[in-house]
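First the structure, in the form of structure tokens, and then the observations on it.
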Amino acid sequence: MAVELCLLLLLLFCGSTVSEVQPIYKPPPGTLDFGFVPAKTYDTGAYHEPGPIGILFKIVHAFLYLVQPNPFPQDLIRKVAQQKFGNTQGDYQKPENVVLTLQAIYYEIGFIVSAALGLLFILLLPLVGLCFCMCRCCDNCGGEMHQRQKKNADCQRSCFATFLFVASLIISVGVLCAYAANQHLTSQVRGAKKLVNSNFKDLKVFLNDTPAQIDYLVSQYNTTKDKALSDLNNVGPLLGSRVQEQLGKEVRPALDAALTMAGAIRETKEALENVSVSVEVLQEGTERLHANLTDVKMHLSNTLNDSACSAAQAASTCNIIRNSLNQLNINANFSGLPGVSSQLAKVNDVLKIDLSSLVQKGYAAFNDTPDLVVNQTKNILSDIKNVLESIGSNISSFTKTLPVQKILADLTIYLTQSEAYVQDYFPVVEQYDFYRWLGCLILCCMVVLIVVFYYLGLLCGTCGYDKHASPTTRGCISNTGGNFLMAGVGFSFLFSWVLMIVVVLTFVTGGNVEKLVCEPFEDKTLFKVLDTPYLLNQHWKNYLSGMLFKNPNINLTFEKVYSDCKENKGIYTSLHLEHLFNINEFLNVSMYTEDVALRIEHIQINLSKIILLDEIGKENLLNFSSSGIDGINFGAYLTEINKSVTKVDLLSFANDLEARADQLPKGALENALKGHANNIRMIHNQQVVPLEQAMSTLNQSIRLLKRTSSELMVKVKNVISAVNAAQLLINNNASLVIVQETKKYMDTIVGYFEQYIDWVKESIAMEVAACKPIANVIDTAVDIFLCSYVTDSVNTFWFGLGGSSIFLIPAIIFAVKLSKYYRRMDTEDVYDDVETIPMKNTENGNNGYHKEHLYGIHNPVITSSVEQW
């Protein structure tokens, strides 16, 4: 319920600001996967690329840095704003305000000097033009239509023409820059409508998308509930198996030991039976072997008593054989070994009770622990499921009580009205921009008119100039070029001061906007100034929090809000809405898990019905320990077992006998001895080999019985003690294990809610109602429209127009100088022949030239005109 309340109140507060949601969500590691919060793509890209004109913008920025290299005056602006500087007339006389004034002048010194030079230009150039005109009317300042003849006249003319052409080119470049800036501003203003519409479209998408995000967060409660219900339905495999696993650490080893002892009883029976059978076989076999070996010795002795053995060649061999006959005897005597029939009888009595079956019943009973848990928790789990369903019902019912749709409808209406207002006034903006464009175009045309006169003057003067013609006989084209140059000079004096007024105004305005708004906005210094305590409101420490929360003590800054929105964080995080609505209090896990945990803690599981091994099984084990196998004389058995069946290996004896028979002369004695050798081999194969096999079986069985009987009573008591301890754990101490595992089981169930709450908190903080559009609106208004569109264009305009205006001064000088070489003069210098007649300097007037009204030396053109008149 708290989740829904938080989300909807968040949406209510978001009505005053709009934001964008466009994150990429990664589910937290764990069991639950809540998916991705739905987010739509926004069209607004708060970034402007000026294109080729950006080079001019960078040049202007570099020029402004030369004019104003000082950093942004944060402290100065704070002091001026906090001192309320200039509110009353007496404020200017306060010492602190005088200091602030001097600091402001120091900061603005570059603009002040530049503006002063511009004002000086505005004042002096028209005055100079007026004086220049009056001076020329008095035939001074180049106004007299007479040109002195000089040897370097061609060089001067060329230099003046070159300088004027270069100045005209610079003026042309400047006016082109101004024109480009003027056109760029107009085109951007016309294109701003699309950008504004894009922002409004994104705001509408936000209003339509935020409810869907909230619904998605609420709907994901079903994921938590379904997982919890799944675990509750599997309480046997989960809780029961955990209890079984913990108890099994003692139960299973005890049962395994009992089962091992049951196996040992069966092995003991088999071993006793093998001992009994083997001893019987060995006793009978050895008796038969003894009789056969006695017969063999008797027959060999008779053969050796034959007269053939008296011969010299056979006597020694026969004596050797005769001396070895005493080796043909049995070595092991099994007739004296004690029997094991009594022990076997007792073990058979023990085996009448199937101990393995009893142990398996204990296993089965212990393995039924999950089923016992399921059967004993049916009622409690049903209550827990009802609690989970009620939580979901409460969330759904609470959702219906909040006026979400009304809030969204009001916001939509407000947004629609704002969009309509902007759309209605946008044509007015375009109209005023047209007037601005036309005015700037007229200013550019003024400069173009001047430059055109200069270019025409240069063209006509250069093309019509005849170096052989005297100043008074220059052609019409050359004279026209000179007149064009003087016309350009005249228009320069007329228009330059108007141009400079516009340049100064736009320079001071645009330059300061760039330095005091655009640059500090780019590096966020402007926000730091706005975040100064008590700056915007002398009673509020933090203006933004005071405006939003009516609590100026909350540390909410413009810089932090803008940075968070720029990173597309949720508005809850950006605006610190926890001061208005603390989501941690409403998303407290205990609100959801208190009832669930309480009911889980009441789970009681009784495992006393589990019987690991009954008294019959225990008595059976005790009977086995008293079966008497530990009283068997294992030493006597092992002593005889370790002996060989015969004193000599019969095969070796037979082989040796046959080899000695081969040493005797061929005859009946040799054949008789070989026959005895074969008979001995037959005895070995038919009697000794089976006896050896029986001895091997007896050896294995005796050793097994010895191992089993070793501390048999202690082993049995240990098994019974282990079973009793495990049974005691189940009967008395299982409750502790059950409580521990129930706590873990509860923590697992509660963990699902914690994952859900953490995911909701993270989503609200980072994804729901993400405020990227707020940053986009600010960037659009300040960075793009004010700075990129308007300020950069205005600064480029005054930069180009100002450069053109400045270079009008050298252009005026060079044009006036150059026009003297193109225009037709009224008089010129006259010289006598230097070889025959001396130059008439003194009598003909000053500087050796004739004055037309004194000496009657008329201009041929004027003379011919007068004669025709």
Side-chain angles (χ1 to χ4, degrees), residues 14-22 40-54 56-57 60 177-210 408-444 506 509-510 513-514 517-518 521-522 562 565-566 568 770-798:
C14 291
S16 60
T17 56
V18 276
S19 63
E20 170 190 358
V21 180
Q22 197 174 3
K40 294 185 178 179
T41 304
Y42 294 96
D43 296 334
T44 303
Y47 175 76
H48 173 66
E49 182 62 41
I53 200 172
L56 295 178
F57 292 167
V60 175
C177 292
Y179 177 78
N182 187 36
Q183 290 296 118
H184 181 266
L185 178 56
T186 298
S187 63
Q188 297 303 327
V189 169
R190 292 175 181 175
K193 185 175 182 180
K194 181 179 178 181
L195 187 60
V196 172
N197 292 336
S198 175
N199 277 278
F200 277 109
K201 181 181 178 182
D202 290 346
L203 298 181
K204 291 179 180 179
V205 170
F206 163 78
L207 292 179
N208 295 329
D209 197 31
T210 301
L408 293 178
D410 294 341
L411 292 175
T412 304
I413 293 174
Y414 176 78
L415 184 62
T416 303
Q417 291 175 349
S418 300
E419 184 178 12
Y421 178 83
V422 172
Q423 297 295 339
D424 291 341
Y425 277 89
F426 205 87
V428 178
V429 174
E430 290 182 336
Q431 183 178 3
Y432 280 106
D433 180 70
F434 172 74
Y435 296 150
R436 178 209 57 78
W437 174 82
L438 187 61
C440 293
L441 184 63
I442 291 173
L443 294 176
C444 292
T506 54
T509 303
V513 169
E514 175 66 27
V517 178
C518 296
F521 176 81
E522 184 177 357
Y562 175 78
C565 290
K566 195 76 173 176
N568 202 25
C771 58
K772 183 63 178 294
I774 294 179
N776 286 343
V777 170
I778 296 175
D779 289 339
T780 300
V782 179
D783 186 43
I784 296 179
F785 191 81
L786 176 62
C787 295
S788 296
Y789 287 1
V790 178
T791 303
D792 283 344
S793 299
V794 169
N795 288 338
T796 305
F797 179 80
W798 64 251

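Remember, it's a predicted structure, so these values are computed and weren't measured experimentally.
- The number of heavy-atom neighbours closer than 6.0 Å to CD of E522, taken from other residues, nucleotides and ligands shown, is 12 or below.
- Between C565 and I774, the shortest heavy-atom contact is SG-CB, 4.2 Å.
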Walk me through it: do K566 and Y562 pass the test side-chain contact (heavy atoms from CB on, under 4.5 Å)?
CA-CA 6 Å; K566 195 76 173 176; Y562 175 78; 3.7 Å; yes
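- Annotation: the span from L438 atom CG to D433 atom CG amounts to 11.0 Å, rounded to 0.5 Å.
- Inter-residue side-chain proximity for V422 and K193 is flagged as unmet; no heavy-atom pair is nearer than 4.5 Å.
- Within the 4.5 Å cutoff, no side-chain heavy atoms of V60 are placed close to those of E514.
- A pairwise comparison of heavy atoms in A192 and Y789 identifies CB-CE2, 4.2 Å as the closest pair.
- Between E430 and R190, the closest heavy-atom pair is OE2-CA, 4.2 Å.
- When all heavy atoms are compared, the tightest approach of C177 to T796 is O-CG2, 4.1 Å.
- Between Y179 and Q183 the shortest side-chain heavy-atom distance falls below 4.5 Å.
- For the pair C440/F797, a side-chain contact is recorded, criterion being any heavy-atom separation below 4.5 Å from C-beta on.
- Distance check: N776 CG to S198 OG gives 8.5 Å after rounding to the nearest 0.5 Å.
- Under the 30°/60° scheme for interplanar angles, the aromatic rings of Y435 and Y432 are found to stand perpendicular.
- Under the 3.5 Å distance criterion, the side-chain polar atoms of T509 are left unmatched by any main-chain donor or acceptor of T506.
- Remark: the backbone N or O of A178 is not paired with any side-chain donor or acceptor of N182 at under 3.5 angstrom.
- Between I784 and Q188 the shortest side-chain heavy-atom distance does not fall below 4.5 Å.
- Heavy-atom minimum distance, L185 versus S793: CB-CB, 3.6 Å.
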Please evaluate residues F521 and D779 with respect to the criterion side-chain contact (heavy atoms from CB on, under 4.5 Å), reporting the C-alpha separation (whole Å), side-chain torsions for both, the decisive distance (0.1 Å), and the verdict.
CA-CA 9 Å; F521 176 81; D779 289 339; 3.5 Å; yes
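- Side-chain contact between E419 and V196: absent, with no pair of heavy atoms (C-beta onward) separated by less than 4.5 Å.
- Annotation: side chain of S788 is not in contact with side chain of F57 (no heavy-atom distance under 4.5 Å).
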